[in-house]
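What you are looking at is a predicted structure, and each value in this text was computed from that prediction instead of being measured. Letters A, B, ... are given to chains in the order of the sequence lines, protein chains preceding strands, and every chain is numbered from 1.
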Amino acid sequence: MSEDLYQEIILDHYKNPRGKKVEIDSLAQSYQVNPTCGDEVTVEVGQNPDGTLLVSYDGQGCSISQASASVMSELINGKTPAEAAPIQEAFMELMKSKGQLEPDEEVLEDAIAFAGVSKYPARIKCALISWMALSDAQIKAQLTATTTTRSG
Amino acid sequence: MSEDLYQEIILDHYKNPRGKKVEIDSLAQSYQVNPTCGDEVTVEVGQNPDGTLLVSYDGQGCSISQASASVMSELINGKTPAEAAPIQEAFMELMKSKGQLEPDEEVLEDAIAFAGVSKYPARIKCALISWMALSDAQIKAQLTATTTTRSG
Amino acid sequence: MFDVDKLRADFPILSREVRGVPLVYLDSGATSQKPTQVLDAERHFYETSNAAVHRGAHALAEEATDAYEAARQTIASFVGAQVEEIVFTKNATEGINLVAYAFSNATDKARQGIEVDRRFVVGPGDSIVVTEMEHHANLIPWQELCAKTGATLKWFGLTEEGRLDISPGVIDNTTKFVSVVHQSNLLGTINPVKKIMDMAHAVGALGMVDLCQSVPHMSVNVNELGADFASWSGHKMLGPTGIGILWGKSDLLNAMPPFLSGGSMIEMVHMDHSTYAPAPQRFEAGVPMAAQAIGLARACDYLNELGMDNVFLHEQELTAYALEELAKIPGVRVIGPTDMRDRGSAVSFVVEGIHPHDVGHLMDAKGVAVRVGHHCCWPTCRRFDVPATTRITTYIYNDKSDIDQAIAGIKSAQEFFGSGIAVSA
Amino acid sequence: MFDVDKLRADFPILSREVRGVPLVYLDSGATSQKPTQVLDAERHFYETSNAAVHRGAHALAEEATDAYEAARQTIASFVGAQVEEIVFTKNATEGINLVAYAFSNATDKARQGIEVDRRFVVGPGDSIVVTEMEHHANLIPWQELCAKTGATLKWFGLTEEGRLDISPGVIDNTTKFVSVVHQSNLLGTINPVKKIMDMAHAVGALGMVDLCQSVPHMSVNVNELGADFASWSGHKMLGPTGIGILWGKSDLLNAMPPFLSGGSMIEMVHMDHSTYAPAPQRFEAGVPMAAQAIGLARACDYLNELGMDNVFLHEQELTAYALEELAKIPGVRVIGPTDMRDRGSAVSFVVEGIHPHDVGHLMDAKGVAVRVGHHCCWPTCRRFDVPATTRITTYIYNDKSDIDQAIAGIKSAQEFFGSGIAVSA
Ligand SMILES: Cc1ncc(COP(=O)(O)O)c(C=O)c1O
Ligand SMILES: Cc1ncc(COP(=O)(O)O)c(C=O)c1O
């Protein structure tokens, strides 16, 4: 029953969220809401002295949205914007795939658990909301891959 | 072909309109328009010294609307409001009858020719427009049957 | 009473499978399914009499116009209205907006020195009153009206039980309009609308009732609401999508400026000015949704054959049963009245420790279609401090076994999230 | 080219009789007939996937939402648009009003100190430009906007031939908006809309084109119109009643305040304020006409199978033939261009000595369904000093024999009224 949706990894992240409400020196934040169900998430981003990203989030919502935020924070924290970009792209790709894509575990690690979500159009937004907040916060903080490239 | 609609009487009134654009000492007038086809009619009413009605009309429109105005003026001119009222009512009734009513020639005279029109919902308004203008002008001139009764 | 098993044959969709299991449709509060009779009526119109309504004199146009106006009569009779009080809209939302725009349009025109009915002119110092259980459709149009005119929005709050808290002082001498839902689509509460409309009239305000969740489920006579306007949708009462009704008192409809303007709503048109037809035509600009009106009239006939009192009784029984069964499940909290007094068939709940979205998803995995989210009543969710709810809504084609399936679905969600990790594989 | 005889089998209504004779349908300019394929698509949706679109997470709701959004994509592709530029409305009239209300709503909000896009704010000193050949649907909304804001309505007049008289000075620095019909539904004239839209843009105004009579009859790519907005109806292009399209550039749609407000067009809702979803959702409040959108998409597929260039050629042939035959009848005057340059398939005419209503009636008596009246272009009739016209409009299912029937009908009317009294019996 719904094994494709509620993977062990997802339930684990849901019950034991990583990186939630961590205090960071944030440069920007983004608040996102899913208007159909009311899920909310706020993502903050900052930068370590070595240029890698610091990510923290808070929010409320279903298991998918919460687990996705947890996986996202685990994957992105400590990566440079340039390292994060392909992961972010791969996750977006996966979510658009309607279950047709075999996710690359090398790149996505725990996030491969969300492959099944892409078969449920109404749940895709749940999985994406924290990732969208991350991108938005990065743009505000000018911590996107392209910005780094340009300024570097 | 369409014998039920275009009776000899109707064509005759259409080609030889009676009482159109007659100069009368009018007490009130009513302008009516059929918004679906643009037919227009203006009816004026006045009163003879003996209390009977004076009716004149002007307008443009299809054969049905023009013939109906002509028949109307012929029937109502020179009648007292009390005499006119049953004729007006009978004509309204006839138009609502969907072709189911046998018109009373005693009361309606030439107007019985419009019995067939009541089978064509889109043409009923054509036949009624001058009669509606008449009623409206009578109300404005206070020359309706009830007004007469009340004041008499 | 009617035979649910038998009438289910009129709804082919109900025998389909979803996710590999038989469908249990418990989302009629969002939209109802359509019986074959309604679909046939629409199709019959298209295949035999289709033409532009009120726009022609040829035989087909006459038949189409007759069919459309006969539909208006059937729908009027269904709620005890006069035929000229019935305006066709695309949905309830348009009907409510139509009335809200009567206010902003009249206010704009008054400012330009055009003569309008003063009852529709609002501005700073005036207030509009709604409630905290309104559907967004009966909230945002009034927020927008206030934003455009400087009027103030006020509202009745809710009791813990999910009833209106009709405190004095909300409706007062500043009130120009009061709009209230008859039955809440989230809480299920049936409101004392007559009392509220009387309060509105007592201060000289006009009033409206949102009938979206009442007309499909109980016998409603618009004259007994005490209201000036009412609006509801066809798609929640076995009718097609794309059709709704605005009911309004004729003298008020005729005192209102037009809303959508264009063909068929006019009397005379010049390049620089036009005059308007009387209601209901005034509010039906453009080629109308004729087939949908005819489908909706057939839906009224269908419901009349069942008897609206029977429909109500049937759903009362189901609702009582659902409340009973939900009460037996530990950790389930119903949002809205838990007894049957003044309550309809929408039953919202939350399950401790499981997000409503996950509850709904796991019910769906068992074929049970319920709605999750804020149900377009976001402020109501906030009032009860829940992010969302899971909602069961029933209709004529549901029976107790559907409720049993829903209950089983909830329990399976609890097991799943309770036991947790062992399930995937 | 396509086979008219063969495709007529898709339209059962075309084989019926009216007034005891076979129907000849020449009123597609008012509304088209619907092929079985379109009716089947609607029905299939209701019978298999019906649920409230964008309002649920269960299997049916997902399917319904997918079908609705896929329909949007099909319709977007049909006119070369981006999917997010397509707003579903109930008809073209609503689409035009939606844009007109963007102006009045933005103007109202600006007055209350709310930040709005200044391009939508109008007032005294500003002007809106239309033409003397507009359908009421593209005239009265602008009259109303002017009445509400104090702006001035201006218009391009017409030449004797029925073409736009594009005099300089009508569009000037006061112009804020220009709205023009692509093909006149009364005259048949096809207007140089790109040129007019360029004139509008040159003075900083926005522009709109009414595509009601072009999209059904020729290949239209919205990007080649030079316009910012466009609107048309589904029912004139083989689609169901109750659905229309507003096309708008995304940045403009997203700069506009909402029109109808309620469910599904929101981002966040509080009792005292709300924020709105981006377009197109912002303009689709309430449960939408899902089945109709799906039917309309199927109509686009049907037309694509025929090829829009073929549709255009077919009708050009019929129109040329009709004009030729009409020219042979003494006393018949065509209102609108009499040659085929920049002209579509609507052919209006008057017959000397016989009122258009009577001409239409006598044609109807022979089974020929044509429209009579002002065709919602009353000012255009006044311009040509006719009380009304009789109008022939064709579509894919018509052929020359239909035109022959119409011509025979006109001649019989002349005989009838000429010879006069001898006919009744
Ligand atoms: C040129 C034109 N514009 C606008 C309209 C209005 O379309 P609708 O009545 O479907 O809204 C029509 C048809 O009625 C038309 O022919
Ligand atoms: C109480 C209530 N009001 C208004 C609406 C809006 O109806 P619609 O979306 O059909 O316009 C609904 C349903 O969505 C409702 O349940």
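Taking 4.5 Å as the limit, every side-chain heavy atom of W232(D) sits out of range of all side-chain heavy atoms of K236(D). Counting heavy atoms from C-beta outward, H58(C) and V24(D) have side chains that stay 4.5 Å or more apart. Between L60(C) and Q33(D) there is a side-chain heavy-atom pair separated by less than 4.5 Å.
Heavy atoms of T36(D) lying under 4.5 Å from chain C belong to its backbone as well as its side chain. Contacts of N50(D) with chain C are made by both backbone and side-chain atoms, with heavy-atom separations under 4.5 Å. Proximity to chain D is absent for every atom of T390(C), based on heavy atoms less than 4.5 angstrom apart. In this structure, the portions of R55(C) lying under 4.5 Å from any heavy atom of chain D include both its backbone and its side chain. Both the backbone and the side chain of S274(D) come within contact range of chain C, each with at least one heavy atom under 4.5 Å from a heavy atom of that chain. For chain D, the nearby part of L23(C) is the side chain; its heavy atoms alone come within less than 4.5 Å. Looking at M363(D), there are no atoms closer than 4.5 Å to chain C (heavy atoms on both sides), in backbone or side chain. Only the backbone of T149(D) comes within less than 4.5 Å of a heavy atom in chain C; its side chain stays farther off. Interface residue N91(C): only side-chain heavy atoms are found under 4.5 Å from chain D. Contacts between D364(D) and chain C at a heavy-atom distance below 4.5 Å involve the side chain alone, from C-beta outward. Within the 4.5 angstrom heavy-atom criterion, atoms from both the backbone and the side chain of L260(D) approach chain C. For chain C, the nearby part of P288(D) is the backbone; its heavy atoms alone come within less than 4.5 Å. Both the backbone and the side chain of P258(D) come within contact range of chain C, judged by heavy atoms closer than 4.5 Å. Interface residue P240(C): backbone and side-chain heavy atoms are both found under 4.5 Å from chain D. For P257(D), no part lies under 4.5 angstrom from a heavy atom of chain C. Of the two parts of F11(D), neither the backbone nor the side chain holds a non-hydrogen atom closer than 4.5 Å to a non-hydrogen atom of chain C. Neither the backbone nor the side chain of N138(D) comes within contact range of chain C; no heavy atoms are under 4.5 Å apart. Using a 4.5 Å cut-off between heavy atoms, E62(D) touches chain C through its side chain atoms alone. Contacts between S15(D) and chain C at a heavy-atom distance below 4.5 Å are absent for every atom of the residue.
Atoms OG1 and CG, from T107(D) and L145(D) in turn, are 7.0 Å apart once rounded to the nearest 0.5 Å. Note that the CE atom of M271(D) and the CH2 atom of W155(C) stand 5.0 Å from one another [nearest 0.5 Å].
Among F88(D), Y25(D), F259(D), the residue with the largest count of heavy-atom pairs under 4.5 Å with chain C is F259(D). Taking V269(D), L14(D), D272(D) one by one and counting their heavy-atom pairs under 4.5 Å with chain C, the maximum is reached by V269(D). Residue with the most contacts toward chain D among D27(C), L39(C), I243(C), V18(C): L39(C) (heavy-atom pairs, distance under 4.5 Å). Chosen from A147(C), A110(C), S261(C), the residue pairing most often with chain D at heavy-atom distances under 4.5 Å is S261(C). The greatest number of non-hydrogen atom pairs below 4.5 Å with chain D, out of M268(C), E42(C), H357(C), is found for M268(C). The candidate with the highest count of non-hydrogen atom pairs below 4.5 Å against chain D, out of V38(C), T93(C), T89(C), is T93(C). Options H270(D), M289(D), E47(D), R371(D) differ in how many heavy-atom pairs under 4.5 Å they form with chain C, and the most are formed by H270(D). Ranked by non-hydrogen atom pairs under 4.5 Å with chain C, the options S49(D), A92(D), A64(D), G113(D) are led by S49(D). For the set R383(C), Q143(C), E63(C), the count of heavy-atom pairs under 4.5 angstrom toward chain D peaks at Q143(C). In terms of non-hydrogen atom pairs under 4.5 Å with chain D, the most contact-rich of H273(C), H135(C), E132(C) is H273(C). Ranked by non-hydrogen atom pairs under 4.5 Å with chain C, the options N105(D), V372(D), L98(D) are led by N105(D). Most heavy-atom pairs under 4.5 Å with chain C, from the set A285(D), S104(D), A100(D): that is A285(D).
Considering every non-hydrogen atom in both A61(C) and A52(C), the closest pair reads CB-O, 4.2 Å. Across every non-hydrogen atom of S32(D) and G239(D), the tightest pair is OG-N, 4.5 Å. The two atoms that bring A388(C) and C381(C) nearest to each other are CA-SG, 4.1 Å, heavy atoms only. For the residue pair R16(C) and T48(D), the shortest heavy atom distance occurs at NH1-O, 2.6 Å. Across all their heavy atoms, P141(D) and I96(D) have their closest contact at CG-CG2, 4.2 Å.
A donor and an acceptor atom, one from each side chain of S264(C) and H54(C), are nowhere located under 3.5 Å apart. The closest side-chain donor-acceptor pair between Y46(C) and T241(D) falls under 3.5 angstrom. With no hydrogens or angles considered, a side-chain donor-acceptor pair links E284(C) and Y68(C) at under 3.5 Å.
Note on E94(C) versus K90(C): no salt bridge recorded, every NZ/NE/NH1/NH2 to OD/OE distance being 4.0 Å or above. Comment: D40(C) does not engage K34(C) in a salt bridge, judged by the lack of any side-chain N to carboxylate O separation of less than 4.0 angstrom.
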Let me see the working for Y101(D) and F283(D) under ring-ring contact (aromatic ring centres under 6.0 Å, His included), right down to the final yes or no.
CA-CA 12 Å; Y101(D) 273 104; F283(D) 301 105; over 10 Å; no
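Two rings, from H374(C) and H136(C), have their centers less than 6.0 Å apart.
Listed by first and then second residue, the salt bridge (Lys or Arg N to Asp or Glu O under 4.0 Å) pairs involving residues 134-152 of chain D are K109(C)-E144(D) (not counting sequence neighbours).
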